[in-house]
Structures are given as structure tokens and as C-alpha cells.
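A short write-up of the structure that comes next.
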There are 2 protein chains.
Amino acid sequence: MVIEKMVVGGSPVASAEVQEHSYQVWAETERNLLLAERLVSELKQKGLYITTVESCTGGGLAYYITNIPGASEVMKDSFVTYSNEAKISLGVPEAVIAEFTVYSEETARAMAEAGFLKSVKADICVGITGSISRSDPSNPNSTPGIIYIGIKYGDRIVSQTLEISDERRFDVKQKIIEKTLEIILDMMIKPVSISSNDQI
Amino acid sequence: MVIEKMVVGGSPVASAEVQEHSYQVWAETERNLLLAERLVSELKQKGLYITTVESCTGGGLAYYITNIPGASEVMKDSFVTYSNEAKISLGVPEAVIAEFTVYSEETARAMAEAGFLKSVKADICVGITGSISRSDPSNPNSTPGIIYIGIKYGDRIVSQTLEISDERRFDVKQKIIEKTLEIILDMMIKPVSISSNDQI
């Protein structure tokens, strides 16, 4: 809070701590923008559209992708499903959440499938779910920092579990977005021979 | 690109230009987080839920709001409608876009109304549309930097036009989010006597 007040108050001299943290935030932002730029370029080359269904990242992945000029040629829509009700409303089967919990690769894959079907035009859909910095009162089985990514790409569907730790909620989300962009890029350049439901 | 390469390559010494820009990105990020924190606190106090329907900000407003711990108590879902089709699919009347264009206060208000109805639980819904850094080939009437905000809050619906200019697309989006957070906060603390369809 002290750091925030210094900036909001417009202090002209940044402390060493502020300088270090500002550099970290900026470097992570630039890295994500660079990855998003690569993804948009890859999608454009292949003529594909992407849609996101985001829980814990709250729209951050779509935000980075749409920061790249020409993003409207690769994204038509995305969904922030920040509650179980919103996931179910989009098309995630209630039974999947009941059986595997909302924090699971099964739910991440179901989110990707639901967004794929609900989107006005999606060739790839990415679902992200997980708990970031505290236990979720509606879903008591959560472990902060364990994140589940599901990706539907044509007739392939894959998922992966990430473990991400950082002090600040904002920095954790930045890292989830970075890793997710890398996973999508990796999947796009891999041969299409991976069978359905394979783990990455 | 030179700046990006320096960081991605992990250069330990930041140039004066990098230091200045990193400080700017960080300060703007912290300012938006502080505004989002105030908004989440205000919503919690009033027991209200918010939903966003974002075009040019691409999920960035939802991203900032969900960066605040406890955001799940004030947001259930949000929508990124990054195309005319997605806006219409959400519930924006095609006739509104045809008559006023997608870049208009009328469309921003229609986006807010559509999200308000489509959300699993929304007491406030914010629509954001506009062109950021270049002319949009699908909507040739666009003027980069002119942004339209529509807010549905209970039975009130208001809208506002912003003019935002900056060199970088990323910085423009950060500023749109800042202004939108300020407008929502302002609306929430104003008396509820404003009549329907008033301009802010």
C-alpha cells in the first residue's frame, strides 16, 4: 500500500523497491505482449479464430490477445465465467463440476468445449480455471496456485495442470497468461496426430 | 522492438527510455488496480454484482476487477464481444448497429442492456465500444481514440463518449479502463434520481 500511495500521489522519486517492482511488472507485460503477438501472427497465417473461457484469469488472456493490432481477424468473442453458474450457463455440464470439482482438468476441458460451441466463430477455444491467492468459499477443495488449462483445437482436446506461485495476485495472473500463451503456441506448431483427450 | 528484445533477452541494465516507460506502465497498472479495489469495495458494501461487455478493451476491465481479492463476490460473468456478430449474438439489436454504427453511445448502451439480461447475475452492466489505434475494415466510420461507454445500473441507463490518445495501443486501453472505472464509481455514489437515458 505504501508503494501504491507513492505512485498515486505522484512522487517524482521512485525508491529502489518501486524501481525493481515496476521493472518486473513491465517486463512481464512486454513478454506477454510478445507471446500474444506471436499467437496472433500464427492464427492469422493459419486463418484460425480463437476464443477464451476464463475463470481465474478473468479476461486477461483475451485482453492480451486483443492488445495486438489486427486481433479482430483472429478473435470474435470470449467469455469470463467467474462462477459455477456462469460456467453451467455457457454449457459446462453440471455433472462434470459435481464429479471432478470446478478446479480440475475435466472442468477446464469442458469449458473449452462449451466456449467452442457457444462462440460465433472459434477454431480454438481455451478454458482456464483454478484458485489464485486464497481458498474459494464456494469451492472448498481449492488449492491456491494450482491452475487447469483445457484447449479444444479442431477435434483435439487437451489439458494441463500448472503450479504457479508468486506473492502478488496480479503477478500470478500474468504468469498464468504467459504459460497459457506458450501452451497454445506449442500446440499450434505440434503435428496434429495427437489423439483426443491426450494430456499435453 | 529494441526495447522488447532488451527485456526478453534479460539485459541487466535498463536504458533511461526503458526505465521511464516501465515506470509509466507500472504506475498506470497500480492506478487501475487501486480504482478496481475501490469499485469492488463499493459493490460489496451495496451487495451488487457487475458484468462487463467489452469490445475494444477486450476483457481488460473484467481482468482488473478480478485482480482484486474477493471479486467473486461482485462478479459472476463478463463478455468479450469483439465483433458485430458477437454483439448481436449477445442480444444487441442488429437495427441499433445498422442505424447508429457499432461505434456509438447507442450501441454501448445496447451492449450494457444485453449483458445485463444475459448475465447469470448482474445489477450493473458496462458496455465499451470504440476503435483504438487504426481504422476498422468491417466498420469504416471509425475514428481511432473515440470510445463509447454505456452503463446499465438497475433501471438507469447512461452513456458517455471519451477521447483518448496515446502512442501505444496498450497504453490507450489502460486509460480507457481507468476512465471507465472512474465513471462507474462516480455513478455509484451519485443520487439515484437521474432519469433513464440521461447522459452522464
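What's counted below: heavy atoms across the whole structure, side chains too, no hydrogens, waters or symmetry copies. Just so it is clear: chains get the letters A, B, ... in the order the sequence lines come, proteins before strands, and each one is counted from 1.
- Taking the side chain as every heavy atom from C-beta outward, B:Thr66 and A:Glu54 never approach each other to under 4.5 Å.
- Using a 4.5 Å cut-off between side-chain heavy atoms of Ile, Leu, Val, Met, Phe, Trp and Tyr, with links allowed through other members, A:Ile147 and A:Met187 fall into the same hydrophobic cluster.
- Ranked by heavy-atom pairs shorter than 4.5 Å toward chain A, the options B:Asn67, B:Thr51, B:Val172, B:Asp77 are led by B:Asn67.
- The 12-atom threshold is exceeded at CD of B:Glu182, counting heavy atoms of other residues, nucleotides or ligands nearer than 6.0 Å.
- For B:Thr29, the part sitting under 4.5 Å from any heavy atom of chain A is the side chain, from C-beta outward, and nothing else.
- Hydrophobic clustering of Ile, Leu, Val, Met, Phe, Trp and Tyr side chains at less than 4.5 Å, counting indirect connections, keeps A:Leu39 apart from A:Phe116.
- Once rounded to the nearest 0.5 Å, the distance linking NZ of A:Lys76 with CG of B:Asn84 reads 8.0 Å.
- Only the backbone of B:Ile68 comes within contact range of chain A, judged by heavy atoms closer than 4.5 Å.
- In this structure, chain B has a heavy atom under 4.5 Å from the side chain of A:Ile177, while its backbone stays farther away.
- Residue contact with chain B, scored on non-hydrogen atoms closer than 4.5 Å, is absent for A:Leu61.
- Proximity to chain B is limited to the side chain of A:Val120, based on heavy atoms less than 4.5 angstrom apart.
- Using bins of under 30°, 30° to 60° and over 60° for the plane-to-plane angle, the ring pair A:Tyr63/B:Tyr63 lands in the tilted bin.
- Between the CD1 atom in A:Ile50 and the OH atom in B:Tyr82 there is a gap of 13.5 Å [rounded to 0.5 Å].
- Criterion: ILVMFWY side-chain heavy atoms under 4.5 Å apart, direct or through other members. Under it, A:Ile65 and A:Leu33 are part of a common hydrophobic cluster.
- With chain A as the partner, the residue from B:Gly59, B:Ala62, B:Ser22, B:Ser83 showing the most heavy-atom pairs under 4.5 Å is B:Ser22.
- There is a path of hydrophobic side-chain contacts, each under 4.5 Å, that joins A:Ile97 to A:Met111.
- Residues B:Lys121 and A:Glu85 are not paired through a salt bridge, judged by the lack of any N-O separation under 4.0 Å between the basic side chain and the carboxylate.
- Note: the hydrophobic cluster containing A:Val74 also contains A:Leu35 (ILVMFWY, side chain heavy atoms under 4.5 Å, direct or indirect links).
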